[in-house]
Each structure stands twice: as C-alpha cells, then as structure tokens.
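See structure below.
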Protein chains: 2
Amino acid sequence: MSRKLAYRNLPQLFLRAREELLCHFRPIITHFGLTEQQWRILRAIGEFEQLEPREICEICQILSPSLTGVLSRMEDMGLVTRTRMEEDQRRVLVRMTPKAEKLVAELGPLIVEQYKVIEQAFGPELIQELYVVLDKVIAAERGPIPQIKLPPRKNWIADES
Amino acid sequence: MSRKLAYRNLPQLFLRAREELLCHFRPIITHFGLTEQQWRILRAIGEFEQLEPREICEICQILSPSLTGVLSRMEDMGLVTRTRMEEDQRRVLVRMTPKAEKLVAELGPLIVEQYKVIEQAFGPELIQELYVVLDKVIAAERGPIPQIKLPPRKNWIADES
DNA sequence: AGCACTTCGCTAACATGTTAGCCATATAGC
DNA sequence: GCTATATGGCTAACATGTTAGCGAAGTGCT
C-alpha cells in the first residue's frame, strides 16, 4: 500500500471504530447463540419492560422491515412475545419471556465485565471523550442541513460506453 | 418513553452518529444507482489505481464473502474488471472501467460539496474533534485486549423452560 | 520431489440492511 | 356518517453482513 487515502471518509471511520470495540463483545453474544441485533433488542426491552416495534426501531437503530424478521425469529426461539394492543389494533407490544430474562441475567454482567476491560485498555479518558463527541453529533440541535442539488440522472448502468 | 437507557452502548452510539452523517450522502450515491459499498470501493480504486480484493476488504471494511458478491455485481454493471495475476494465480487485480472513471468524476465533487455543507452545519471544530478521537480508537497501538472467560455454553434456544 | 502448512478468493447458509409499496386501522375535517 | 389522510406493521426484492468451510495455488521444510 504505497500511499494513504487523501480524502478521509468519516462514516467509514465510524464503521472502523465501531468494529474495533464490537469485536470484543461479539464473541460473548454469539456464545449464547444470539446475534448482535437480538442482544440489542433484549437489552432495550430489559430497560423498558415492554416496547412497541417502532420504539425498538428507534432505540436499536433497526429499520422496520429488518425488525419484523428479527422479532419473528426471536419469537420462534421463545425469547419474546408479540401481542396486539386492544386500544389500537395496529400497534403491537413486545415483551421478554422468562427464558429471555434468565439469558439477559447471565449475559448482561459478562458484557459489563468486558466493557470494564476495554475501558482500561483504551483508557477511561478516551471513552469519556467518545461519549462527549458522539453526543455532540447525535443530540445536537441543528437546523435542517441543506441537500446539494443533484444533476439530472443519467443511466450509467445501462450505458454501454 | 419514560426513561433513558441507563447503560450507554458505545457501538450503538457509533452506529447512530454514522447514520447522522451518512443520511446526507446516501441520496447522492443512490441517485447515481450505486450502493454505499459500491461507492466506497470505487473511491478506493480511484485512489490506488488498482487493488486486490483483500486490500479492498481492509480499506473498505467489507468482509471477503460480501465483497465477492459486490464485485461481481459491479462487473456486471461494467464498473470494474477482475483479472488474475500471472505471478500468483490465487490473486486478482480489480480495476475501474472508463465508464466508472466518468462516474467517479461526476459523483466525487458532489460528495465533497455536500461534505463542506455538513462541516459547516456541524461546525468544523466538531469535525476535527471527530477525526482526532476516532484516530485514537483506530490507530492506537494497544496490547492485546484480554477476553473475559465465558461460562460453559447452555442450549438456551432449545431449552423449553 | 514430497509433505505439511499457509494464503487467497470463493461458495453456502443464514441474518440483517435498504427501498418501495401494501393493507388494515385510526384520525381529522367536513 | 363519510371521505381524505396519516400511521403501524407488514411483505417483497434485492444487496450486504456474518460465520464456516472448501479448493486451488503458493511456501517452507525435509
């Protein structure tokens, strides 16, 4: 690799940094037969007792069509239950089963433990910095960001030249 | 939503922050009929003239099995070519076609332009902070991070209780 | 040469991401 | 009441992520 990328891609750096952390948690999660997303959902329900699908989408950063599949697989595994709400027949409530509660009770502490290990390895100051700067990106109140105007679409793919 | 998540999940914050940025670029990329990953790959090849698949994997944060599919689709679209190396019949060289070069020449400046808009909206200081802190996470020389020991695996999924 | 060992890209199987759009249910306005 | 609109979860179709493992090609050692 002779030279570095001249243009530094922020989204890509996020991806890389995220992986740098996640790779230390993934073994724990898969050890229990869960996927990363399934664990995120269990954690969220653990916090809120019960959640509606769209809330899970927002909390866990999962798009609705993905969530549908994840939830039905988790239902099959006996980890969650889905019940329609009486007041509003469109909405659904997702809850944990006792089995899932036991699972969370075992898995959760291990994640916390590994987190402490990572915090020491990376340095608590860096972790703190991360929280601060990520919050600035996420929670900041910004006006609407203008979208540059796009040229008329050409059919690159079909075009043979 | 009555209360906030007590435990803050760093990988998830990364995901959220990344999306906060990416959502402003995605429209541009899809406007040209590309996916985010295809664009990452074109950018990388644009920088290095030619790359081998495993180099692309590393640069673009794409796993090898994913890349296989992405590249063959891009080959079908006439965006890249794959040629086996003479010296080492295992290895492959990936290059852009003229069509892809034109595409990059059109798309690249738009990305840069949108990037400037975002930099202003977020504040150049914040962007700079991001680069610094992400670099600390990614490029830092750390010793091997210990992995906590896992309990014997139980068959949660099959277990009925 | 012959052998064990590694490397590289690949396939397979499954889970998730992404976009578009559907259908039933609620809600607002008339 | 009745229509127009909005909302919530869903399906469908395709692209990618993730893990395991395969087969051919190179390497090092004897």
Side-chain angles (χ1 to χ4, degrees), chain A residues 11-12 14-16 18-19 22-23 25-42 51-58 60-77 79-94 157, chain B residues 11-12 14-16 18-19 22-23 25-42 51-58 60-77 79-94 157:
Chain A
Q12 193 142 345
F14 277 119
L15 208 56
R16 215 178 277 261
R18 172 182 146 85
E19 182 58 26
L22 201 52
C23 67
F25 292 109
R26 213 190 306 271
I28 305 176
I29 296 169
T30 62
H31 178 77
F32 286 84
L34 294 181
T35 67
E36 184 199 321
Q37 292 82 348
Q38 289 168 348
W39 169 242
R40 265 191 272 163
I41 293 171
L42 286 184
L51 286 171
E52 301 177 38
R54 62 202 164 71
E55 294 175 320
I56 299 179
C57 285
E58 199 193 330
C60 298
Q61 297 296 134
I62 297 175
L63 293 176
S64 170
S66 298
L67 188 65
T68 301
V70 178
L71 283 184
S72 77
R73 272 181 291 273
M74 290 176 78
E75 212 174 12
D76 292 346
M77 295 186 207
L79 292 176
V80 300
T81 60
R82 279 192 284 191
T83 52
R84 288 216 166 278
M85 289 178 67
E86 287 302 321
E87 321 86 89
D88 190 334
Q89 285 293 319
R90 293 170 303 182
R91 297 159 74 188
V92 168
L93 274 183
V94 183
I157 294 152
Chain B
Q12 193 141 347
F14 276 120
L15 206 58
R16 216 178 276 261
R18 173 182 146 84
E19 182 59 26
L22 201 52
C23 66
F25 293 108
R26 214 191 306 271
I28 304 175
I29 295 169
T30 62
H31 178 78
F32 286 83
L34 293 181
T35 67
E36 183 200 321
Q37 292 83 348
Q38 289 168 349
W39 169 241
R40 266 191 272 163
I41 292 172
L42 287 184
L51 286 171
E52 302 176 37
R54 61 201 164 71
E55 295 175 319
I56 300 179
C57 286
E58 200 192 331
C60 298
Q61 296 297 126
I62 297 175
L63 292 176
S64 170
S66 298
L67 187 66
T68 300
V70 178
L71 283 183
S72 78
R73 272 181 291 272
M74 291 177 79
E75 212 174 12
D76 292 345
M77 295 186 206
L79 292 176
V80 300
T81 60
R82 280 192 285 191
T83 51
R84 289 217 164 279
M85 290 178 66
E86 287 301 322
E87 322 86 90
D88 191 334
Q89 285 292 318
R90 293 169 305 179
R91 297 159 74 188
V92 168
L93 275 182
V94 183
I157 294 152

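Proteins get letters first, then strands, A, B, ... in listed order; numbering begins at 1 in each. Values below: all heavy atoms of this structure, side chains included; hydrogens, waters and symmetry mates excluded.
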Residue list, side-chain contact (heavy atoms from CB on, under 4.5 Å) with [X], at least two apart or on another chain:
X        : result
Ser64(A) : Cys57(A)
Gln89(B) : Arg84(B), Glu86(B)
Glu52(A) : Arg54(A), Glu55(A), Met85(A), Arg91(A), Leu93(A)

[N] phosphate, OP1 or OP2, under 4.0 Å from [X] side-chain N/O:
X        : N       : value
Arg73(B) : dC14(D) : no
Thr68(B) : dC10(C) : yes
Gln37(B) : dT18(C) : no
Ser64(A) : dG8(D)  : no

Of all residues at least two apart in sequence or in a different chain, which pass the side chain to side chain donor-acceptor pair (under 3.5 Å) check with Glu75(A)?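 Partners of Glu75(A) under the side chain to side chain donor-acceptor pair (under 3.5 Å) test: Arg82(A).
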
Protein-nucleotide distance ([X], atom [atom1]; [N], atom [atom2]), rounded to Å:
X        : N       : atom1 : atom2 : result
Gln38(A) : dG17(C) : CD    : P     : 11 Å
Met74(A) : dT16(C) : CE    : P     : 9 Å
Ile56(B) : dG17(D) : CD1   : P     : 13 Å
Gln89(A) : dT27(C) : CD    : P     : 12 Å
Ile29(A) : dT16(C) : CD1   : C1'   : 15 Å
Glu58(A) : dG8(D)  : CD    : C1'   : 14 Å
Leu63(B) : dG9(C)  : CG    : C1'   : 14 Å
Glu87(A) : dG8(D)  : CD    : P     : 14 Å

Any donor-acceptor pair under 3.5 Å from Thr35(B) side chain to Gln38(B) backbone: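 Yes, the answer is positive, given that a donor and an acceptor are paired below the 3.5 Å cut-off.
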
Is it true that a side-chain atom of Arg18(A) and a backbone atom of Pro11(B) form a donor plus acceptor pair closer than 3.5 Å?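 Side chain of Arg18(A) to backbone of Pro11(B): a pair is present.
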
Using a heavy-atom cut-off of under 4.0 Å over every strand shown, decide if [X] touches base, sugar-phosphate, or nothing.
X        : result
Arg84(B) : nothing
Leu67(A) : nothing
Glu19(B) : nothing
Ser66(B) : base

Which pair of heavy atoms, one from Gln61(B) and one from Gln12(A), lies closest together, and at what distance?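 Result for this residue pair: N-NE2, 4.3 Å.
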
Exercise: identify the closest heavy-atom pair between Leu67(B) and Ile62(B):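 Taking Leu67(B) first and Ile62(B) second, the nearest heavy atoms are N-CG2, 3.7 Å.
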
For a 4.5 angstrom cut-off between non-hydrogen side-chain atoms, does Arg73(B) reach Gln37(B)?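 Not touching, per the 4.5 Å side-chain cut-off.
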
Could you say whether Glu86(A) or Arg18(B) is positioned toward the 5' end of DNA chain C, judged by the nucleotide with the nearest heavy atom to each?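 Result of the comparison: Arg18(B).
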
Nucleotide N/O to protein N/O under 3.5 Å, stretch nucleotides 20-22 of chain D:
none

Reading nucleotides 1-8 of chain C 5' to 3', which nucleotides get B (base under 4.0 Å from a protein heavy atom), which S (sugar-phosphate only), which -? ------BS

For a salt bridge (charged side-chain N to carboxylate O under 4.0 Å, His left out) check, start with the C-alpha distance between Arg40(A) and Glu58(A), then their side-chain angles and the critical distance, and finish with the verdict. CA-CA 12 Å; Arg40(A) 265 191 272 163; Glu58(A) 199 193 330; over 6 Å; no

